[in-house]
Amino acid sequence: MIEALVTSIVILMAWSFLYRENIFYRIGEALLVGLALALSVKVGIDVLINRIYIPIVVKQQWLSPTLIAVALGLMMYTRFSKSLWWMSRWPIALLSGAGLGIAMKGAVMAQIVKQLDIGSLITRDVFTGVNNLILLVTAITSLAYFLYTFEHRGALAPIAKFGIYSMMICFGTTLGLFLMSNIGFAISLIPNVVKPPGLYVSIVAIILIIADNFLRKRK
Amino acid sequence: MQSGSLPIVDRAVFIIFIILIAIPAIMPLGLPISISSNTVEVYRQIEGLKGGDIAMWITDFSVGTWGQVGPAEVAIYRHLFDLIRRKGIKVIIVTTYSVDGALNAERILREYIDTAGLKYGEDYVNLGWIPGYETTLAALAKDFQSIVKTDAYGNTIDKLPMLRGVRSISDIALIGFSTSTSPDPYPRQLGGYNKPLIINTLIATVPWTLPYYEKRLITGYIGAESDAAGYEKLTGMPGEGLRTLDAQSLSHIYGVVLIIVGNIWYFTRRREGGRR
């Protein structure tokens, strides 16, 4: 009951921005940032306790690789010291190098080699063949648009133009799908404010909006 | 326009939208549901698990995207836990991306899953958040024991019998993940092992996923509330997906109407010599 009530109050605080900038919206905004930060810190501390404090301090497993990770992590904070800041370069370099190396190792097969195989244009299923043809044409024409070493004249001009249209269709689809995602977020929240006890909070919010509107007009 | 307030047209667009999506929440319309082929594919891969198989589910989606990813995530968790009871599979839950995923996994386990009669550590484990994202994914695939030392509650791995035999990805029968950001790291590190790799994500991330799906680096995807509703129907366990589907359908019709009206308004103004 209380959880549902608090949920509906916070949802309406956020949505009150649709009426106008107001104190409830700002409180909701601050609540979100504060709670998100508090939760992140709480879970972060839990992780430190479970994965570092317990094995190293409680179980006294001093000679474990975790200790190296802890040392590297602490070195990050030397950034705040004018004389020791250079030490923070080591963990950053290690993180970047390891991250990049691991990502690149996987990327070669998953994102380059496998993706170069577009598939046959002549297939049993006509639509698959057409789809493969669209993939081939749009990939080549989109790449042609990014050929900056040649001026887009002659044969290259219409090819690059087609590439722009291909990308526009892609961007439009992406934007539309993002909109759909955002609509989904609102839909998942709406039952909280149209069913009791959230409904009562919604009624109060509507009364407040009407009253505020009336007072503003009188001024 | 008053200072600090939205233009009247914008307000009207949002208010009509809120009214439209509120109607099915009060009075369900019962619009027809069609189950997509990709949803059926995911269902079959999970249902195909056999007794003793280990499924690893990586819950990496952020709290803010619960509305889109949450319903399907709940449906999949319910299916997996149902399979523990029906077939005796084992389930590993883990988060690699950020704290959010661990919070979502914890919420699902606490609020939506009935774990009565199941043995923690033997039937399922929650490893919590193992920071590192892609490096963690790579380690989970190659040398599981090197990265998993404790679970989410501080229990050491030797107290979790079901993990004793898990050395690498070859000991896991199915891998699934949920994300509300880039799907790239998962097929990069977990694809190409001839294991089912399933994604549950935002509808906006589906086009990003398709190149991997077509090359079978990802073997199945769930990408919207409609897919979540379809999954709930397939498993016979109704949830948030089915409850919000009417609102989804109405909002999409509204979106199409807005696009048509917006274009008519734009071209009419242009013909009348208005600003382009």
Side-chain angles (χ1 to χ4, degrees), chain A residues 15 17-22 32 36 39-44 46-47 49-51 54-55 59 64-66 95 98-99 102-107 109-111 114-115 117 119 131 135 170 173-195 199 216, chain B residues 2-6 10-11 14-15 17-18 21-22 25-26 63-68 70-71 98-99 102-103 128-131 133-135 138 149-154 156 184-185 187-189 191-192 202-207 211-212 214-215 217 224-225 240 243-244 247-248 251-252 255:
Chain A
W15 286 1
F17 184 73
L18 294 174
Y19 170 60
R20 62 183 300 120
E21 171 83 45
N22 64 79
L32 176 77
L39 272 172
S40 299
V41 171
K42 195 257 174 203
V43 179
D46 283 351
V47 168
I49 292 170
N50 286 336
R51 300 196 194 281
I54 292 176
K59 295 187 176 165
S64 75
T66 315
L95 270 179
I102 285 169
M104 273 310 293
K105 190 173 172 287
M109 187 51 74
Q111 289 178 294
K114 287 260 185 185
Q115 302 304 331
D117 170 22
N131 202 21
L135 263 173
C170 175
T173 311
T174 308
L175 189 74
L177 290 172
F178 265 107
L179 184 70
M180 270 173 76
S181 287
N182 292 335
I183 286 172
F185 301 146
I187 287 170
S188 69
L189 298 175
I190 202 83
N192 293 292
V193 292
V194 295
K195 285 179 179 173
L199 180 66
R216 277 176 194 282
Chain B
Q2 291 168 297
S3 78
S5 63
L6 292 171
D10 289 22
R11 277 198 218 176
F14 283 118
I15 289 166
F17 167 68
I18 289 171
I21 60 173
I26 301 163
V63 172
T65 56
W66 176 276
Q68 272 264 301
S98 74
V99 172
L103 292 171
W129 178 39
I130 305 179
Y133 196 26
E134 188 156 1
T135 44
K149 299 290 178 195
T150 57
D151 69 356
Y153 316 107
T156 48
D184 295 338
R188 272 204 300 247
Q189 302 306 330
L202 302 168
I203 182 76
T205 311
V206 170
Y212 298 115
E214 283 178 2
K215 304 299 169 212
L217 290 160
E225 290 94 330
E240 253 176 80
R243 277 200 295 274
T244 56
Q248 273 287 333
S251 69
H252 292 171

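Predicted model, so just to flag it, every value in this text is computed and none were measured. Per chain, numbering begins at 1; letters A, B, ... match sequence-line order.
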(request) Could you look at Lys59(A) and say if it's the side chain, the backbone, both or neither that has a heavy atom under 4.5 Å from chain B? (result) side chain
(request) Considering only heavy atoms and a distance below 4.5 Å, find which of Ala110(A), Gly106(A), Ser188(A), Ser181(A) pairs most often with chain B. (result) Ser181(A)
(message) Is Asn131(A) in contact with chain B via its backbone, its side chain, both, or neither, using a 4.5 Å heavy-atom distance?
(response) side chain
(request) Against chain B, label Val194(A) side chain, backbone, both or neither, depending on which of its atoms sit under 4.5 Å from a heavy atom there. (result) both
(request) Heavy-atom pairs under 4.5 Å with chain B are the metric here; pick the option from Leu177(A), Leu189(A), Leu95(A) that has the most. (result) Leu177(A)
(message) Counting heavy-atom pairs under 4.5 Å with chain B, which one of Lys105(A), Met180(A), Met109(A), Lys42(A) comes out on top?
(response) Met180(A)
(message) With a 4.5 angstrom heavy-atom cut-off, is it the side chain or the backbone of Pro71(B) that approaches chain A, or both, or neither?
(response) neither
(message) Can you tell me which portion of Leu103(B) sits under 4.5 Å from chain A's heavy atoms? Options are side chain, backbone, both or neither.
(response) side chain
(request) Decide if atom CZ of Phe178(A) counts as having more than 12 heavy atoms of other residues, nucleotides or ligands within a radius under 6.0 Å. (result) no
(request) Answer with side chain, backbone, both or neither: which region of Pro185(B) has an atom nearer than 4.5 Å to a non-hydrogen atom of chain A? (result) neither
(request) Just give me the residue among Ala152(B), Ala102(B), Gly255(B), Ala204(B) that pairs up with chain A most often, heavy atom to heavy atom, under 4.5 Å. (result) Ala204(B)
(message) Looking only at heavy atoms and a cut-off of under 4.5 Å, which of Ile26(B), Thr65(B), Leu202(B) has the most pairs with chain A?
(response) Thr65(B)
(message) Minimum heavy-atom separation for Arg51(A) and Asp151(B), please, with both atom names.
(response) NH2-O, 4.5 Å
(request) Decide yes or no for Pro131(B) and Val47(A): does some side-chain heavy atom of the first lie under 4.5 Å from some side-chain heavy atom of the second? (result) yes
(request) Could you tell me which portion of Leu217(B) (side chain, backbone, both or neither) has an atom closer than 4.5 angstrom to a non-hydrogen atom of chain A? (result) side chain
(request) May I ask you to name which of Ile54(A), Ile183(A), Ile187(A) has the most heavy-atom pairs under 4.5 Å with chain B? (result) Ile187(A)
(message) Is Lys195(A) close to chain B through its backbone or its side chain, or both, or neither, when contacts mean heavy atoms under 4.5 Å?
(response) side chain
(request) Output yes when a side-chain donor or acceptor of Gln189(B) lies under 3.5 Å from a complementary backbone atom of Ile102(A), and no otherwise. (result) yes
(message) What part of Leu179(A) gets within 4.5 angstrom of chain B, counting heavy atoms only: side chain, backbone, both, or neither?
(response) neither
(request) Tell me, for Ala247(B) versus chain A, whether the close heavy atoms (under 4.5 Å) come from the side chain, the backbone, both or neither. (result) both
(message) Return the CD1 to CD distance between Ile203(B) and Gln68(B), rounded to the nearest 0.5 Å.
(response) 7.0 Å
(request) For each of Ala98(A), Pro55(A), Gly184(A), tally heavy-atom pairs with chain B at distances under 4.5 Å, and name the one with the top tally. (result) Gly184(A)
(request) Pick one of side chain, backbone, both or neither for Tyr153(B), based on which atoms fall under 4.5 Å of a heavy atom in chain A. (result) backbone
(message) Please report the interatomic distance CD(Gln248(B)) to CZ(Arg243(B)), rounded to the nearest 0.5 Å.
(response) 14.0 Å
(request) To the nearest 0.5 angstrom, please state how far the CD atom of Glu240(B) sits from the CD atom of Glu225(B). (result) 9.5 Å
(message) For the interface with chain B, which of Ala107(A), Gly99(A), Gly176(A), Ala103(A) has the highest count of heavy-atom pairs at distances below 4.5 Å?
(response) Ala103(A)
(request) Ignoring hydrogens and angles, state whether a donor on the side chain of Gln115(A) or Tyr212(B) is under 3.5 Å from an acceptor on the partner side chain. (result) no
(request) Could you check Val193(A) against Ile18(B) for side-chain contact (heavy atoms from CB on, under 4.5 Å), going step by step and ending with a plain yes or no? (result) CA-CA 10 Å; Val193(A) 292; Ile18(B) 289 171; over 6 Å; no
(message) I need the minimum non-hydrogen distance between Asn50(A) and Gly154(B), along with the two atoms involved.
(response) OD1-CA, 3.5 Å
(message) Side chains of Trp15(A) and Ile190(A), heavy atoms from C-beta outward: is any pair under 4.5 Å?
(response) yes
